[in-house]
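Encoded as structure tokens, the structure appears first; notes follow it.
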Amino acid sequence: MGGDDSHSWTFRQRVAVVVARIPLGQVTTYGRIATVLGAPRSARMIGWAMSNLENGPDLPAHRVVNRVGYLSGAHAFGVPAIMRDLLLDEGVPFQSEWVVALEACVWDPADDPELDDAFRIGLER
DNA sequence: AGTTTGACAGTAT
DNA sequence: GATACTGCCAAAC
């Protein structure tokens, strides 16, 4: 192992790895992402990281909502309706106009063992 | 080097 | 259940 820069991945890069693995038609929360990153009390960092991350077309940032299912990041898409439309297009059920039915579509990143493997690769870098 | 800011979450009232 | 307050910590200023 290298040891000189073992933790070369920045916080926002790790966030991107998790977001990229959110299944289509499902969503996850900032808190879940923070927990799988080993910082359960740092959910705010996730939102900060995503707003500063260069969102690529392959990064489903629209699948991240807050703990009650509210589309708290909708404004980052320019027009809030864009995020909502993307989720509706994937078949994500809504509880109200801007709140998804979490119980029916929430995805826990900690439930994906392959995600941990992805971090192992990153740490090896 | 200190201050401010966030696409949040948990707890208390 | 809704509101208010606190904790959290990386990055930009």
Side-chain angles (χ1 to χ4, degrees):
Chain A
M1 22 174 146
D4 48 322
D5 57 350
S6 55
H7 55 284
S8 57
W9 284 27
T10 62
F11 192 86
R12 67 196 210 188
Q13 283 177 312
R14 281 175 287 183
V15 171
V17 170
V18 179
V19 175
R21 295 201 57 79
I22 304 174
L24 187 149
Q26 292 189 277
V27 301
T28 195
T29 66
Y30 301 94
R32 292 283 187 180
I33 296 174
T35 298
V36 80
L37 289 180
R41 307 293 187 201
S42 305
R44 296 184 80 185
M45 308 301 310
I46 309 304
W48 176 89
M50 293 184 73
S51 64
N52 283 270
L53 179 57
E54 299 170 6
N55 300 17
D58 295 320
L59 188 62
H62 60 281
R63 295 179 192 150
V64 184
V65 300
N66 74 0
R67 70 179 172 88
V68 297
Y70 177 71
L71 310 190
S72 55
H75 69 81
F77 290 79
V79 180
I82 294 177
M83 180 177 183
R84 174 174 147 274
D85 191 47
L86 285 169
L87 292 172
L88 285 171
D89 188 54
E90 295 183 357
V92 174
F94 275 69
Q95 181 178 5
S96 66
E97 191 173 6
W98 302 100
V99 182
V100 302
L102 270 185
E103 293 185 350
C105 63
V106 70
W107 173 77
D108 189 347
D111 188 48
D112 183 2
E114 296 182 26
L115 186 57
D116 187 56
D117 189 57
F119 281 119
R120 183 172 60 76
I121 296 171
L123 292 173
E124 286 294 328
R125 149 45 166 94

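Just so we're on the same page: letters track the sequence lines, and every chain starts at 1. Values below: every heavy atom of this structure, side chains too, minus hydrogens, waters and symmetry copies.
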Shortest non-hydrogen contact from A/Val27 to A/Ile22? CA-CG2, 4.1 Å
Ignoring hydrogens and geometry beyond distance, is the side chain of A/Arg44 in donor-acceptor contact with the base of C/dG7 at under 3.5 Å? yes
Across the strands shown, which category fits A/Ser42 at heavy-atom distances under 4.0 angstrom: base, sugar-phosphate, nothing? sugar-phosphate
Given atom CZ of A/Arg32 and atom C1' of B/dA9, what is their separation to the nearest angstrom? 12 Å
Grab the CG-P distance between A/Leu37 and B/dA9 for me, whole Å please. 13 Å
Have a look at A/Ala49 and say if it touches a base, only the backbone sugar-phosphate, or nothing, with a 4.0 Å heavy-atom cut-off. nothing
From the candidates B/dC8, B/dA7, C/dA10, the one with an atom nearest any side-chain atom of A/Ala43 is B/dC8
If you check every side-chain atom of A/Arg67, which of B/dG10, B/dA7, C/dA10 has the closest atom? B/dG10
Let me spell it out: for each of A/Arg12 and A/Met45, pick the nucleotide of DNA chain C with the closest heavy atom. Which residue's pick is nearer the 5' end? A/Met45
On a heavy-atom basis, which atom in A/Leu53 and which in A/Ala16 lie closest, and how many Å separate them? CD2-CB, 3.6 Å
Taking atom P of C/dC9 as reference, at what distance in whole Å does atom CZ of A/Arg14 sit? 13 Å
Give me the atom names and distance for the closest heavy-atom approach of A/Asn66 to A/Tyr70. OD1-N, 2.9 Å
Tell me, yes or no, whether the heavy-atom count around A/Arg32 atom CZ, taken from other residues, nucleotides or ligands under 6.0 Å, exceeds 12. no
Please find the pair of heavy atoms, one from A/Met83 and one from A/Leu71, that lie closest to each other, and give the distance. SD-CB, 4.0 Å
Separation of atom CD1 in A/Ile33 from atom C1' in B/dC8, rounded to whole Å: 11 Å
So does A/Ser72 get a side-chain nitrogen or oxygen closer than 4.0 Å to the phosphate oxygens (OP1/OP2) of B/dA7? no
Closest to the 5' end of DNA chain B, once A/Ala61 and A/Arg41 are matched to their nearest nucleotides, is A/Ala61
Using whole Å, what does the distance between atom C1' of nucleotide C/dC8 and atom OH of A/Tyr30 come to? 16 Å
Nearest-Å distance for atom pair CZ/P, residues A/Phe11 and C/dC9: 10 Å
Out of B/dA7, B/dA9, B/dG6, whichever nucleotide has its closest atom nearest the side chain of A/Asn66: B/dA9
Between C1' on C/dA10 and CG on A/Asn52, what's the gap in Å once rounded to a whole number? 9 Å
